[in-house]
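Atoms considered below: every heavy atom in the structure, side chains included; atoms not considered: hydrogens, waters and symmetry mates.
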Amino acid sequence: MNAPIRPSLSVAIITLNEQDAIAACLQSVAWANQIVVIDSGSTDDTVAICRRMGASVESADWPGFGAQKNRAIARCTGDWVLSLDADERVSEELRREIEAAIASPAGNAGFRIPRLSSYCGKTIRHSGWWPDHVTRLFRNSSARFSDDPVHERLLVDGPVGTLKRPLLHESFVDLDEVLDKLNRYSAAGASRMHTSGRRGSLLSAIGHGIWTFVRTYFLQAGFLDGREGFMLAVSNAEGTYYRYLKLMLLNERKRP
């Protein structure tokens with residue numbers, strides 16, 4: 001009796017100057033049938049590392065997170081696709097759960113995975129960061145990412161199940177990375193809000209920033225994450241504050 005054919009899995013990753021993170025990511029999914037990387041102009045050793053570790057690499061311009069991830073999954077040939085960020089890792093336990101899920105999907109077109117993130121070296125289990133379910137595993141041709149330039153969402157055509165083992169996420173390695181992402185993400189968020197017709201003001205920036213800190217540190221129990229929980233609440237508040245300030249300035253530039 002012939003053994004059943006196991007479904008194939010492709011991994012889709014987008015990169016830009018990720019030489020410090022990408023090797024660990026690729027190593028954690030080396031068992032996959034295919035790894036596709038779309039790089040948007042790295043000037044470090046990211047591309048060389050990816051090719052050396054057996055990934056299929058293509059360079060492209062930067063249209064935004066959603067569109068870039070769609071480019072990556074469009075080049076995947078596996079029966080199933082796992083979309084990862086360069087700072088994410090698949091544990092051996094999650095690997096086994098993924099393999100079991102795609103072998104017997106029970107009618108699901110996709111699966112969401114709890115994500116366990118770290119902030120400046122500390123694993124965060126409160127602050128609104130856990131379990132942080134993200135839908136990343138899906139049957140090929142059954143899903144696509146929204147075209148949002150940041151905070152993109154995976155849109156799945158069919159039922160979505162839930163896995164139990166977490167995806168490991170090294171969200172922010174140090175404060176330099178925190179500040180860099182804070183600047184980039186607040187600018188992208190302000191641009192998206194501006195395009196949709198939202199308005200910003202100094203008062204709204206202050207109010208939203210304060211509310212973000214209160215929600216993260218108190219309502220979402222960030223204080224239980226210790227020193228890093230406070231740091232995270234402050235950086236969340238700063239990101240919100242600057243997003244609304246940048247929106248205010250974008251609105252003012254639009255005026256005659």
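- Looking at His194 and Asn251, their side chains come closer than 4.5 Å, going by heavy atoms from C-beta outward.
- Counting only heavy atoms from C-beta outward, the side chains of Val178 and Asp174 never approach each other to under 4.5 Å.
- No chain of hydrophobic side-chain contacts below 4.5 Å, direct or via other Ile, Leu, Val, Met, Phe, Trp or Tyr residues, connects Val81 to Val11.
- Checked against side-chain hydrogen bond (donor to acceptor under 3.5 Å, both in side chains), Ser201 has the following partners two or more places apart in sequence or in another chain: Ser204.
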Tell me, with the steps shown, if Leu26 and Ile35 meet side chain to side chain contact (heavy atoms under 4.5 Å, CB included).
CA-CA 8 Å; Leu26 295 175; Ile35 301 176; 3.7 Å; yes
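- Here Phe213 pairs with Tyr217, Phe230 under the ring-ring contact (aromatic ring centres under 6.0 Å, His included) rule; sequence neighbours left out.
- Inter-residue side-chain proximity for Leu245 and Leu202 is flagged as met; some heavy-atom pair is nearer than 4.5 Å.
- Listed by first and then second residue, the salt bridge (Lys or Arg N to Asp or Glu O under 4.0 Å) pairs that reach into residues 38-63 are Glu58-Arg75, Asp61-Arg71, sequence neighbours excluded.
- Evaluation of the ring-ring contact (aromatic ring centres under 6.0 Å, His included) test over residues 22-49, restricted to residues two or more places apart or in two chains, returns none.
- No hydrogens or angles considered: a donor-acceptor pair under 3.5 Å links the side chains of Lys246 and Asn183.
- Shown here are the side-chain hydrogen bond (donor to acceptor under 3.5 Å, both in side chains) partners of Tyr244, two or more places apart in sequence or in another chain: Arg198, His208.
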Any chance you could lay out the side chain to side chain contact (heavy atoms under 4.5 Å, CB included) test for Leu182 and Asp180, step after step, and finish with the verdict?
CA-CA 5 Å; Leu182 185 154; Asp180 177 61; over 6 Å; no
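- The distance from atom CG of Leu167 to atom CG of Asp85, rounded to the nearest 0.5 Å, is 8.5 Å.
- Each salt bridge (Lys or Arg N to Asp or Glu O under 4.0 Å) pair with one or both residues in residues 124-135, not counting sequence neighbours, appears once here: Arg115-Asp132.
- Taken from CZ in Arg144 to CG in Leu155, the straight-line distance is 6.5 Å, to the nearest 0.5 Å.
- Applying the side-chain hydrogen bond (donor to acceptor under 3.5 Å, both in side chains) test to every pair with at least one member in residues 154-165, sequence neighbours left out, gives these pairs: Arg112-Thr162.
- A single hydrophobic cluster is seen to contain both Val234 and Leu219, as judged by linkage of ILVMFWY side chains at heavy-atom distances under 4.5 Å, directly or through other members.
- Side-chain heavy atoms closer than 4.5 Å link hydrophobic residues (I, L, V, M, F, W, Y) into clusters, and following such links, possibly through other members, connects Leu94 to Trp80.
- Under the 4.5 Å side-chain criterion, counting only non-hydrogen atoms from C-beta, Ile124 is not in contact with Ser118.
- To the nearest 0.5 Å, atom CZ of residue Arg6 and atom CG of residue Asn33 are 8.0 Å apart.
- Atom CG of Asn17 and atom OG1 of Thr43 lie 4.0 Å apart (nearest 0.5 Å).
- Side-chain contact between Val57 and Thr15: absent, with no pair of heavy atoms (C-beta onward) separated by less than 4.5 Å.
- With sequence neighbours excluded, the residues forming a salt bridge (Lys or Arg N to Asp or Glu O under 4.0 Å) with Glu152 are Lys69, listed by chain and number.
- For the residue pair Ser171/Ser117, the side-chain donor-acceptor check at 3.5 Å is not satisfied.
- For Gln27, the CD atom is loosely surrounded, since the number of other residues' heavy atoms within 6.0 Å does not exceed 12.
- With no hydrogens or angles considered, a side-chain donor-acceptor pair links Thr77 and Gln34 at under 3.5 Å.
- With sequence neighbours excluded, the residues satisfying side-chain hydrogen bond (donor to acceptor under 3.5 Å, both in side chains) with His126 are Asp225.
- Looking at Cys120 and Leu175, their side chains come closer than 4.5 Å, going by heavy atoms from C-beta outward.
- When all heavy atoms of Ser127 and Gly229 are compared, the closest pair comes out as OG-CA, 4.3 Å.
- A distance of 10.0 Å separates CD1 of Ile113 from OG of Ser83, quoted to the nearest 0.5 Å.
- Side chains of Ser235 and Tyr119: a donor on one and an acceptor on the other come within 3.5 Å.
- Hydrophobic clustering of Ile, Leu, Val, Met, Phe, Trp and Tyr side chains at less than 4.5 Å, counting indirect connections, keeps Ile13 apart from Trp62.
- By the ring-ring contact (aromatic ring centres under 6.0 Å, His included) test, His151 is found to be paired with Tyr185, residues two or more places apart in sequence or in another chain being considered.
- Phe223 and Trp211 fall within a single hydrophobic cluster, where Ile, Leu, Val, Met, Phe, Trp and Tyr side chains are chained together by heavy-atom contacts under 4.5 Å.
- Between Glu170 and Asp20, the closest side-chain pair of non-hydrogen atoms is not below 4.5 Å.
- Taking both residues in full, the closest heavy atoms of Pro7 and Ile102 are given as CG-O, 3.3 Å, listed atom of the first, atom of the second, then distance.
- Annotation: Arg184, atom CZ; neighbour count of heavy atoms from other residues, nucleotides and ligands within 6.0 Å is above 12.
- When hydrophobic side chains of Ile, Leu, Val, Met, Phe, Trp and Tyr are connected at separations under 4.5 Å, Val173 ends up as a singleton with no cluster partners.
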Could you go step by step and tell me if Leu84 and Val90 meet the side chain to side chain contact (heavy atoms under 4.5 Å, CB included) rule?
CA-CA 9 Å; Leu84 291 181; Val90 175; 4.1 Å; yes
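- For the pair Phe111/Thr135, no side-chain contact is recorded, criterion being any heavy-atom separation below 4.5 Å from C-beta on.
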CA sep, side-chain torsions, deciding dist, call: Asp79, Asn140, side chain to side chain contact (heavy atoms under 4.5 Å, CB included)
CA-CA 5 Å; Asp79 300 314; Asn140 204 341; 5.9 Å; no
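- With sequence neighbours excluded, no residue satisfies ring-ring contact (aromatic ring centres under 6.0 Å, His included) with Phe138.
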